[in-house]
Amino acid sequence: MTNDDLKFVAEKFRPFTNSLTVYDWYREPDYKDNYKELWDLCNSLSETREKHFELISVWRIVRDKTYVKWLSSLGIKKAQLTLFGGSEKTDYYTGRKNAYNEILETIEILLENRISPRIQVFVNKDNIDELPFIENLIKSLDLENRCKFFDGEFSLFLHQGSCDGENEKLYAIRVTHDDLQRIPQTLAEYTLKHFSKTSIEEVFGKTEQMLYEELINNHSTASYVSETPVFYIDKEFNVYPNVASPEPAWLLGNLKTDRIETILENYTEGKSVAQHTRLTVPLCNIVESQGDCESQRLFSKDDYIEYLLNKYCRK
């Protein structure tokens, strides 16, 4: 979106809240060259002045020497980076050559500027064997001690991620319970600390079979309406609720062709296809239609329900 587009969107929503907050990014912030201008613009359009997210642009930090200084000036103390294993796996899943090397370079830049890296590792059956490599990498870089040197704290966590958007394509290779035994102890300990859990099973959830059996007799429905909603608006001005990845079943309307009052009513009354389905179709029907009663893939309950709901809406 252009700067004027952002202003247009903000003014559409402003009359309906006294705590409007505007962000110009979806997955990775600060990618555009005018990132400083956009940060100032979003703050000027917002009633609340938010802290910068702990997500940063790896692409930018290795190309723009002023970027990390700017992050420091905003008070960033931790920055999250994502690995999928070594060079080959990380480059593949990131979708960009040399991504792994740039992440390693980013770690050094962060440490030099007294910002602690937080490593997120997405795990599936395709990359589970890469975890010992990551464990050795963390040790070889001495990240825990190097963060302590400036009173920072290194952290790391593993998880399989939700099962929507691009990640839904990885359903076939989601981890199963036997994979959890292959997680190195050090990485498991970091993960439990991050999520404040006592077992790695709590982090990765239950098998689909267990969830199927638990939910197959559940006749409840549910609303996805929140008193503090977040909305996604794409470059075509389509509006989606922040529940799952933006896709047609969640569409609430378009800011250029629909009245904002209609869009908000569609949200509060659950009129998007996905919201309406969850609000009117008993959960057991969705589970019976789209679930796999024999699958050993691991899910949290909420992620599993949203995965089935998205499939049900596309059937």
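Note: hydrogens, waters and symmetry copies are ignored here, and every other heavy atom, side chains too, is used. We count residues from 1, following the sequence as given.
Using modelled atom types, no side-chain atom of E102 and backbone atom of V62 make a donor-acceptor pair closer than 3.5 Å. With hydrogens and angles disregarded, no donor-acceptor distance shorter than 3.5 Å links the side chain of N136 to the backbone of F133. In this structure a side-chain-to-backbone donor-acceptor pair under 3.5 Å is present from R60 to K32. A side-chain donor-acceptor contact under 3.5 Å links D179 to the backbone of T176. Put simply, the side chain of Q275 gets close to the backbone of Y267: a donor and an acceptor are under 3.5 Å apart. Listed for the E28 side chain is a donor-acceptor partner under 3.5 Å among the backbone atoms of V58. Side chain of R14 to backbone of L45: a donor-acceptor contact under 3.5 angstrom is found. Of the possible polar contacts, none joining the N238 side chain to the D234 backbone as a donor-acceptor pair under 3.5 Å is found.
Side chain to side chain, Q160 and D303 fail the donor-acceptor criterion of an N or O pair below 3.5 Å. With 3.5 Å as the limit, one finds a donor-acceptor pair spanning the side chains of E208 and Y304.
Ring to ring, W70 and Y35 are close: their centroids are under 6.0 angstrom apart.
Partner of Y23 under the ring-ring contact (aromatic ring centres under 6.0 Å, His included) criterion, out of W39, F53, Y232, F231: F53 alone.
For the pair F84/Y100, no side-chain contact is recorded, criterion being any heavy-atom separation below 4.5 Å from C-beta on.
The cationic atom of R174 (NZ for Lys, CZ for Arg) lies less than 6.0 Å from the six-membered ring centre of F299 and within 45° of the ring axis. For the pair K197 and F204, the NZ or CZ position fails the cation-pi test of under 6.0 Å to the six-membered ring centre and within 45 degrees of the ring normal.
Within a 6.0 Å sphere centred on CD of Q181, other residues, nucleotides and ligands contribute more than 12 heavy atoms.
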